Amino acid sequence: MTYSVKNVKTFDTPDGGGYNASFYCGKTKVANIHDGGFGGCIEYDWTNREVENDFYAFLKTTKIPDFEWDQEKGGFVDIPDKFITPTDDLFVNNLVNDFLDMKLLKRALKKDVLVVKYDEGTVHCTGDKPTPELVARYVEALSGEEDKNMGILNSLPFDEAWEIWRNR
């Protein structure tokens, strides 16, 4: 079973932000979801009781990486080799956050040539609009031994670029 979200629409609230989205199991829509941005739980409008029961049964058998706050990175990072059983809110919010981050990455890949420094885990924008020719020139420019810790995200398949982007 693979769960995902689509059609995520965010909005501002006095307490931060909220969202509405469609929730899928595989290719089948199983619920509309809503986070009102008021600190409460996610609200689900399930298509039927069976898909709701299946989701909660799935959660009981699912493990995700445990995480902690990293002051230096200014965000949460995974704790290596430590896993937890997620709550429904944590699981779905991770899907929503990944969806929004992927959208950001897709936009950035169209707007800028993105240079990754593998040893630092950072991504930098060059300010250059990526064209196939320009990306190829950047890749060529980083082909020397002294540049082996650098790469161009625009030259990678999206899945590889995403893994680097989300772990930066």
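Source: prediction; values computed, not measured.
- Looking only at side-chain heavy atoms (C-beta outward), Val92 and Tyr44 come within less than 4.5 Å of each other.
- If you chain together hydrophobic residues whose side chains sit under 4.5 Å apart, Val115 and Ile164 never meet in one group.
- A cation-pi arrangement, defined by a distance under 6.0 Å to the six-membered ring centre and an angle within 45 degrees of its axis, is absent between Lys9 and Tyr19.
- Between the side chain of Asn93 and the main chain of Asp89, a donor-acceptor pair closer than 3.5 Å is present.
- The closest side-chain heavy-atom distance from Phe23 to Leu95 is below 4.5 Å.
- In this structure, the side chain of Asp112 engages the main chain of Gly127 through a donor-acceptor pair within 3.5 Å.
- You'll find the side chain of Lys106 reaches within 4.5 Å of the side chain of Phe158, heavy atoms only.
- To the nearest 0.5 angstrom, Leu153 atom CG is 7.5 Å from Trp165 atom CH2.
- Taken together through direct or relayed side-chain contacts under 4.5 Å among Ile, Leu, Val, Met, Phe, Trp and Tyr, Val123 and Trp162 form part of one hydrophobic cluster.
- The structure places OG of Ser155 at 9.0 Å from CD of Glu160, a figure rounded to the nearest 0.5 Å.
- When all heavy atoms are compared, the tightest approach of Ala31 to Trp46 is CB-CE3, 3.7 Å.
- In this structure, the side chains of Phe76 and Glu68 stay at 4.5 Å or more apart for every pair of heavy atoms.
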In sequence, state the C-alpha distance, the side-chain angles, and the governing distance for Tyr118 and Lys148, and then conclude on side chain to side chain contact (heavy atoms under 4.5 Å, CB included).
CA-CA 9 Å; Tyr118 296 111; Lys148 67 181 179 185; over 6 Å; no
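- Across Phe38 and Glu43, no two heavy atoms sit closer than the pair CZ-OE2, 4.0 Å.
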Identify all side-chain donor-acceptor contacts of residues 57-65 below 3.5 Å with residues at least two apart in sequence or on another chain.
| residue | atom | partner | partner atom | Å |
| --- | --- | --- | --- | --- |
| Thr61 | OG1 | Phe58 | O | 2.9 |
| Thr62 | OG1 | Phe58 | O | 2.7 |
| Lys63 | NZ | Thr85 | OG1 | 2.8 |

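- When all heavy atoms are compared, the tightest approach of Asn48 to Glu50 is OD1-N, 2.9 Å.
- Using cut-offs of 30° and 60° on the angle between ring planes, the pair Phe55 and Phe91 is tilted.
- From Thr122, atom OG1 reaches atom NZ of Lys73 across 9.5 Å, with rounding to the nearest 0.5 Å.
- Using a 4.0 Å cut-off between charged nitrogen and carboxylate oxygen, Arg137 and Glu140 do not count as a salt-bridge pair.
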Apply side chain to side chain contact (heavy atoms under 4.5 Å, CB included) to Asp54 and Cys25, showing your working.
CA-CA 10 Å; Asp54 288 348; Cys25 179; over 6 Å; no
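- With hydrophobic clusters built from ILVMFWY side chains whose heavy atoms lie under 4.5 angstrom apart, Tyr24 does not share a cluster with Tyr56.
- Of all heavy-atom pairs between Val113 and Tyr138, the closest is CG1-CD1, 3.7 Å.
- Qualifying salt bridge (charged side-chain N to carboxylate O under 4.0 Å, His left out) partners for Lys82, counting only residues two or more places apart in sequence or in other chains: Asp66.
- By the criterion of side-chain heavy atoms lying less than 4.5 angstrom apart, applied directly or through intervening Ile, Leu, Val, Met, Phe, Trp or Tyr residues, Ile152 is not grouped with Leu109; the two fall into different hydrophobic clusters.
- Between the Asp78 side chain and the Pro80 main chain, no donor and acceptor come within less than 3.5 Å of each other.
- Here Lys6 contributes atom NZ and Lys27 contributes atom NZ; the two are 8.5 Å apart, rounded to the nearest 0.5 Å.
- Heavy atoms from other residues, nucleotides or ligands lying under 6.0 Å from CG of Asp119 number more than 12.
- The minimum heavy-atom distance linking Leu134 with Lys129 is given by the pair CD2-O, 3.4 Å.
- His124 has its side chain out of reach of Leu114: every pair of non-hydrogen atoms, C-beta onward, lies at least 4.5 Å apart.
- Considering only residues two or more places apart in sequence or on other chains, Asn167 meets the side-chain contact (heavy atoms from CB on, under 4.5 Å) condition with Glu163.
- Asn32 is listed as a side-chain neighbour of Ser22, based on a closest heavy-atom distance under 4.5 Å.
- Counting only distance, with no hydrogens or angles, the side chain of Asp35 and the backbone of Gly37 share a donor-acceptor pair below 3.5 Å.
- Side-chain contact between Arg166 and Asp98 is present, with heavy atoms from C-beta onward closer than 4.5 Å.
- For Gly36 against Thr13, the heavy-atom pair with the smallest separation is O-CG2, 3.3 Å.
- Note on Met102 and Tyr3: separate hydrophobic clusters, where clusters join Ile, Leu, Val, Met, Phe, Trp and Tyr whose side-chain heavy atoms are under 4.5 Å apart, directly or indirectly.
- Here the CG atom belonging to Asp45 is positioned 11.0 Å from the CG atom belonging to Asn20, to the nearest 0.5 angstrom.
- The shortest side-chain heavy-atom distance between Leu100 and Thr10 falls under the 4.5 Å cut-off.
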